Q: 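Please find one structure pasted underneath; my questions will follow.
What you see is a predicted model, and the numbers here were worked out from it, not measured in a lab. Chain letters run A, B, ... following the sequence lines, proteins first, then strands; residues in each count from 1.
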Amino acid sequence: MLLREVSYARPGSVEEAVALLSAHDGARALAGGQTLVNVMKQRAASPDVLVDLADLDELRTIAVSGTTLELGAMATLTSIIRSSEVEVSRPILGEIAATVADVQVRNRGTIGGNICVNDPTNHFPPLLVALGATMTIRGAGGERTVPAEEFFVGVFETAVGEGDLLTRIDVPAGRGDGMAGVTLGVHGTYVANAAASVADGAWRIALGCVAAVPVRATAVEERLAGGEPDEASVRAAVEGLGATLDPPSDVHASADYRRSLAETSVVRAVLQAAERARG
Amino acid sequence: MSTTETTGTPTLQKGFVGQSIPRKEDKRLVEGQGVFFDDVKRHGMGYLHFVRSPYAHARIGAVDVSAALALPGVYGTLTGDEVAILTDPFFQIAADPGGQVKDYALAVGKVRYLGEPVAAVVAESRELARDAAELVEVDYEPLDVVVDARAALEDGAPVLHEECGGNLSYTGVWEWGDVDAAFAEADHVVAISELHFDRFNSTPLELDGALVEFNRGTGQWTLTTNNQFPGFAVIMMAPAMRIGTDKLRFVTQDIGGGFGNKITSHPQLVACCLLARKLNRPIQWTEWRTDFHQSMSHGNERWFLDTEVAVKADGTMTAFRTKAVDDAGAYLRYEPLGGVIWSQVAPGMYGWRNIRLEFTQAMTNKAPVSPNRGYSRMQQLWFTERIVDIVAHELGFDRVELRKRNYVQPEQMPYETPNGCVYDSGDYPRSLDTALELIGYDTIEARREEAASRGKLLGIGIGSTLDSGTNNFGQSQLLNPDLQFSGNNEVATAKLDIFGEIVITLGTTPQGQGHETTAAQVVADILGCDVDIVHVRAGHDSYWNSHAGFSGTYASQFAVTGLGAVKGATEELARQMKTLASMVFQCPVEAIELADGFARIADNHEAALPFMALGAIPNANNAGFPTDPPPMNARFVYRPQFEVPDKERKFGNLTLTYAMQIHACVVEVDPETGVYEIVDYAAVDDCGVRINPQIVVGQVMGATAHAIGAAMFESFAYDEEGNLLTPNFYDYHVPHTLDMPPLKTASVESPSPFTPLGTKGMGEGGGGGIHCVCAALQDALRAAGGGIVTDSHNPYHRVWELLRHPDRSRGKIEVRSS
Amino acid sequence: MAEPTTSQFVTVTVNGEQVEREVPARRLLVHFIRDDLDLTGTHVGCDTGSCGACSVLLDGVLVKSCAVLAVQADGASVTTVESLAGDELSALQRSFAEHHALQCGYCTPGMLMSATALLAENPSPSEDEVKAGLQGNICRCTGYWNIVEAVVAAGKGPA
Amino acid sequence: MKLEGTKEFEAPREVVWSVINDPSKMAKTMPGVESFEIADDTHWSAKVKVPLGLGGLKMSIAFTKVEERPLEFASLNAKGQGVGALMNMTTSFTLSDEGETTSMAWEADVKIAGPVGSMGQRVLQPIINQQVGNVLQALDAEVQAAKGAGG
């Protein structure tokens, strides 16, 4: 419960936030804090400086620009659930947000925080990889964009480096999405999951909980490409996926069980996505 | 949320007893005005933080506290070396070899489980105390670790307590009837090589802690703490601290759940006491969730090896024999009492007359165990239920018919078990029928087909269990003949105060069981007054003189011992009130009745004294009485009638009452992932006379929730190095709202012939739900390879293994028929 | 540029009253409420942000006060269980008592705050909506059934 | 936690052996090494900041070579101590060659205790798996560099 000593600042602008993050060694952005504060309570990590993004309303915006849904990094999961923009342009984001933990966590927790933490059991890293999202990062040297598959680097590590700030997540509009998995209890921590997305016959599939970062199932994507999947063809395409994975073995699942769950999750996510793509 | 309650036997009530009146406790609790230990503050108090071992087994070298002491705001420290000088090891319940264990408030010389307190630091803030604890440098020399009770008993295993010459704490053979003859005459023998009851606990939401003050003038400590069995704590602490028991005053108001898990906090409390004296300031210790999971009060893990069941052709089960291996963890804080407590329910709800159980308990590099809701009986009840279902499964008997054939029958009550325990009352077959009716048992095959059409495996399971309540502590002598404990007791006081208020004090330490309410119901009926004028003091204070050696709240006994004491004290107060009224009215005492808040002449209601007048006379208006008016103050010790059990035969009545719960549930399993959902659940309770039915049903619900958690999610799992893999709610998932199935409850009332109010202690549930989930899973798996459920804890991955490799579990079963 | 500091002066409106305190940046809001302000109705049941016993409203939004720093509440309003009753218990509090929705009462303040937030948005929630609304609060005594009933009943109003 | 695997190097056995027995070269393969000191042939130590993203875990690690059979087998022990965190790792390497390729069978037994442990295995295992992968990749780079430098 008891944190190590830490310094705190609450900047009034993105520029000031980036300047603070750059100016202080060991500085870390504080978004919703629903993971970071808890990690600090365990003293598993102890940033020297917290730069609280709470006042940066510009990072809370949810907007549609053309065929792109723009999610501010500080958009809370609750605001994503309630957003008509999300519902219209990429409804799966709201659906999955509604299954993250509980009301309190969703009220504070942000999409930016969820992915910057990159806990391997988090919902949004594999989903955003499957959706082909792009992350915009502001640093001292300016702004850059990173595709989702390059964004995730390791547990608690992303392309957001020291002095950087994730500002926005762009998701192309679409409906052909599915996500399936097994959790510890309803709305609990994921044991294994898969997210799948199809657009114009091209598939993007990402697995969660099998490595430090989401894993693309490219071979399955290729086998499914262009076809009109039914249960048998999806099962055939997924066959053998588990053997290519090297998932962790822990108290909730052996590596073998995770391999099996990964395959089942992909089958279910793909079938869900295909059905929704058909509308 | 889809709860239905049916009462089998409606009881006609004339007073408050038997009514679901709202609880007296609730107003303060819903206002956030309850007082839990951590809510109490004192000027100048220091916050204690324990330095805990990162190793499961290690020799301790130097402990350097200098850097911690140098930190501004740190008040002081305590190390194991100091503890070894200032205190003696805690008294051990065990005879040798377990009796040789040396257990102190802090680790001395060695650590034996991960999270064991090695030193303590006190500072001016909570955060600072933890900072300072990080600065304490401890030299550890890691030692080999043993986490499996079976391996711990093998030659060459790492030894935790060298004084014991091994890891065995207790072993004994418990045999009744003629087991060999029964097996010789059996038509079938079902052999089960291994069954395992998993390690978990009830994880009360409030964690342990205390505010400890030392009075230098009187040498007395006041402990504002949530320890739930002060009578036991004081017996442990006072000799270790080389003081009399009166030097330790226990105070508590509200406790945030206990379930037995708050019985064994005495080592930490001693550390607080020593620091309060050493630093001359109040010491505040709050345990956090990870601390609790790593170091406190796990439930007993138990293996049942080489089990054999003797069965006649008609399904009558005549005998079983098994080797139980129990895992006590690193220290014997309440153990090896679990080594006898199970025998309160040795045959479960069944008529087995021939039983042989070899009980062996080992110490391992895991957190010490302590009582946990259903303590030690739940393991045995799960075992008896599991073997009944496996016998049915393997021999093709109907599970319901097999149960009904073998249950102790209502006409046999009171029933003496082969080991001399007396089941006081109950109608098990009828209770089972009630549960099956609630669950819709007659439509189950249609539901099974419907589920199959959705690709799901459906199964139904039964768990029939007992809540044995009101211990005869004489059973401890079956483990250690030198112990001088027997019987049981509880105390209450009742007084009529100056303005006519009735004030009741209890020796108990309630944690949500509604003692203030049920006590008031009993009192109001005896005194013929409204329940609102009965003030039951909240909590416990050993200064009230309303406690005895066994005072506390544990082991399903309040409705018997606590209310028995309340009834006794109130009846004595009533006698005093009537006597005083008869002195005033100069009439025979028999002519007086208490009704409507008056003492009055029964056939002349004009001659009536309000309680206020009765209270005022002895207290403030007592001139002119020729003899002393009664004091309007009574203290009563309730003592159940027990004999010391026969130590040779391990025979005797170990508990006074046997409440019963039968649980049944329906599960649906996803055959691809092993994920399953409980889709229907029913629980039937029979605890004799119910003082407050709503409170009883609440206890049944709580027991159900704990059982579902233990069956599906909750496990204290360790790796080979002794790291706890589920050290907090990240990985130890307890059920949340969305995890709970719809529940139906019903009650049957079979009054106990042995208790003052016909009540029985209840609330633990005997793990009924754990077994019904196991049984439902096994039923569901019949259509998918017939895997046998051999573990009490079945998370999804274990179900997946049973689906993938049914032969592995089937290989544990062998049937021999003659 | 705001310089990061290890301690800050905060102004927080707690249950309608403004309080001003110097607090360490590392102090959790729940400890600020309990230890600094002596409002001990808000409880702590875990150390991982899981149990919800510390739930309060922060600017009207339901949060776990163990996953918020006290300095983050600067300028905000905090509503705790102590504010729920006026001269009499609220309908929700009464419903908890009537339905035996509490045993030890330790989770109750958090449950009440979650239910209060739910009812503010959805005055007569269904059973499923109540279950979803209370998912972030652990109770170890009741199995939740009576709690859910109490909240559903409070939403329905007096029978 | 026990881990094992086999890594193939496109390099002669002598070159691989020279790298895994050179503390200064091995140091370059470890994640987050901030400083490195060699006490003698069998003892060396490092200060590392294990990259954990949320702030990193600082540790002092003492290495001891436990056993070696030149060109064939080596095992070493690493004991790390950080604030409130402990690490104990025993690792061994067995080399064999097939033509120009050297095959290294490795085993590691990693024990971690402290606050990172309380975050749970879901975090710990992927971290360790990933770090091991990084070490092996860096080792390959060192081997190729040594091979290029003529052994």
Q: Around C/E17, counting heavy atoms of other residues, nucleotides and ligands shown, do more than 12 lie under 6.0 Å from its CD?
A: no
Q: Pick one of side chain, backbone, both or neither for B/F729, based on which atoms fall under 4.5 Å of a heavy atom in chain C.
A: both
Q: Please rank B/I695, B/D254, B/L738 by heavy-atom pairs under 4.5 Å with chain C and give me the top one.
A: B/L738
Q: Can you tell me which portion of B/T286 sits under 4.5 Å from chain C's heavy atoms? Options are side chain, backbone, both or neither.
A: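 Neither the backbone nor the side chain of B/T286 comes within 4.5 Å of chain C.
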Q: Distance-only, no hydrogens or angles: does the B/Q511 side chain make a donor-acceptor pair with backbone N or O of C/C104 under 3.5 Å?
A: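 Here the side-chain-to-backbone pair does not exist.
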Q: Would you give the length of the straight line joining atom CZ of C/R34 to atom CG of B/D39, rounded to the nearest 0.5 angstrom?
A: 4.5 Å
Q: I need the minimum non-hydrogen distance between B/K41 and C/T40, along with the two atoms involved.
A: NZ-CG2, 3.7 Å
Q: Once rounded to the nearest 0.5 Å, what's the spacing between atom CD of B/Q513 and atom CD of C/Q103?
A: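 Here the rounded value is 7.5 Å.
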Q: Is C/W145 reaching over with its side chain to a backbone N or O of B/P742, donor-acceptor style, under 3.5 angstrom?
A: no
Q: If we define contacts as heavy-atom pairs under 4.5 Å, which of B/V700, B/D38, B/D739 has the most with chain C?
A: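 Between B/V700, B/D38, B/D739, the count favours B/D38.
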Q: How about CD on C/E88, more than 12 heavy atoms from neighbouring residues, nucleotides or ligands closer than 6.0 Å, or not?
A: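 It does not: C/E88 CD has 12 such atoms or fewer within range.
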Q: Pairing donors with acceptors under 3.5 angstrom, does anything connect the side chains of B/T290 and C/D47?
A: yes
Q: Within this structure, what is the CG-SG distance for the pair B/N728 and C/C51, rounded to the nearest 0.5 Å?
A: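 Rounded to the nearest 0.5 Å, the CG-SG separation comes to 11.5 Å.
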Q: Please rank B/G257, B/P22, B/S202 by heavy-atom pairs under 4.5 Å with chain C and give me the top one.
A: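 Top count of heavy-atom pairs under 4.5 Å with chain C: B/S202.
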Q: On a heavy-atom basis, which atom in B/D131 and which in C/R26 lie closest, and how many Å separate them?
A: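 Closest approach of B/D131 to C/R26: OD2-NH2, 2.6 Å.
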Q: Give the minimum heavy-atom separation between B/A705 and C/G143, together with the two atoms involved.
A: CB-CA, 3.4 Å
Q: Which one wins on heavy-atom pair count under 4.5 Å against chain B: C/P24, C/A132, C/G45?
A: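 Max contact count across the listed options: C/G45.
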Q: Identify which part of B/I255 has an atom lying under 4.5 Å from any heavy atom of chain C, answering side chain, backbone, both or neither.
A: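 For B/I255, backbone heavy atoms alone lie under 4.5 Å from chain C.
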Q: Tell me, for B/R28 versus chain C, whether the close heavy atoms (under 4.5 Å) come from the side chain, the backbone, both or neither.
A: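 Contact with chain C: none, neither part.
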Q: Using a cut-off of under 4.5 Å on heavy-atom pairs, state which of C/I147, C/L89, C/L39 scores highest against chain B.
A: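 With the most close heavy-atom pairs to chain B, the winner is C/L89.
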Q: Which bit of B/E25 is near chain C, if near means a heavy-atom gap under 4.5 Å: side chain, backbone, both or neither?
A: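 Neither part, no heavy atoms under 4.5 Å.
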Q: Are there residues of residues 58-76 of chain C whose heavy atoms fall under 4.5 Å of chain B's heavy atoms? If so, which?
A: none
Q: Counting heavy-atom pairs under 4.5 Å to chain C, which of B/Q33, B/K27, B/E714 comes out on top?
A: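 Option with the top pair count is B/E714.
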Q: Report yes if the side chains of C/V148 and B/M740 come closer than 4.5 Å at any heavy-atom pair, otherwise no.
A: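 They are not in side-chain contact.
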Q: Pick one of side chain, backbone, both or neither for C/H43, based on which atoms fall under 4.5 Å of a heavy atom in chain B.
A: side chain
Q: Can you tell me which portion of C/H99 sits under 4.5 Å from chain B's heavy atoms? Options are side chain, backbone, both or neither.
A: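 For C/H99, the contact with chain B is made by the backbone alone.
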Q: Counting only non-hydrogen atoms closer than 4.5 Å, does C/A97 touch chain B with its backbone (N, CA, C, O), its side chain (CB onward), both, or neither?
A: both
Q: Between the side chain of B/T737 and the main-chain N/O of C/K131, is any donor-acceptor distance below 3.5 Å?
A: yes
Q: For the candidates C/T42, C/L102, C/T80, C/T142, which exhibits the highest count of non-hydrogen atom pairs separated by less than 4.5 Å from chain B?
A: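 Heavy-atom pair counts peak at C/L102.
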Q: Less than 4.5 Å to any heavy atom of chain C: does that hold for the side chain of B/E31, its backbone, both, or neither?
A: both
Q: Let me know if C/E98 has heavy atoms under 4.5 Å from chain B in its side chain, its backbone, both or neither.
A: backbone
Q: With respect to chain B, which residue among C/T108, C/I138, C/V81, C/V152 yields the maximal number of heavy-atom pairs within a distance under 4.5 Å?
A: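 Looking at each option in turn, the highest pair count goes to C/I138.
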Q: Within the 3.5 Å criterion, strictly below it, is a donor on B/T203 or C/R140 matched to an acceptor on the partner's side chain?
A: yes
Q: So, taking the atom named NE2 in B/H733 and the one named OG in C/S50, what distance separates them when rounded to the nearest 0.5 Å?
A: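 Nearest 0.5 Å value for the NE2-OG distance: 10.0 Å.
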Q: Of all heavy-atom pairs between C/C107 and B/L205, which one has the smallest distance, and what is that distance?
A: CB-CD2, 3.4 Å
Q: Using salt bridge (charged side-chain N to carboxylate O under 4.0 Å, His left out), reason through B/E127 and C/R27 one step at a time and then give a plain yes or no.
A: CA-CA 8 Å; B/E127 292 92 345; C/R27 182 148 301 161; 3.1 Å; yes
Q: Counting heavy-atom pairs under 4.5 Å with chain B, which one of C/A53, C/A101, C/C141, C/P109 comes out on top?
A: C/C141
Q: Side chain, backbone, both or neither: which part of B/F259 has a heavy atom under 4.5 Å from chain C?
A: side chain
Q: For C/V130, is it the side chain, the backbone, both or neither that has a heavy atom under 4.5 Å from a heavy atom of chain B?
A: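 It is neither, since no heavy atom gets under 4.5 Å.
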Q: Is a donor on one side and an acceptor on the other found under 3.5 Å between the side chain of C/Y144 and the backbone of B/P735?
A: yes
Q: At a heavy-atom distance under 4.5 Å, which candidate from C/L134, C/L112, C/D35, C/L92 has the highest pair count against chain B?
A: C/D35
Q: Could you tell me which of B/F292, B/W288, B/F36 has the largest number of non-hydrogen atom pairs under 4.5 Å with chain C?
A: B/F36
Q: What residue, out of B/S20, B/G34, B/G698, has the most heavy-atom pairs lying under 4.5 Å from chain C?
A: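 With the most close heavy-atom pairs to chain C, the winner is B/G698.
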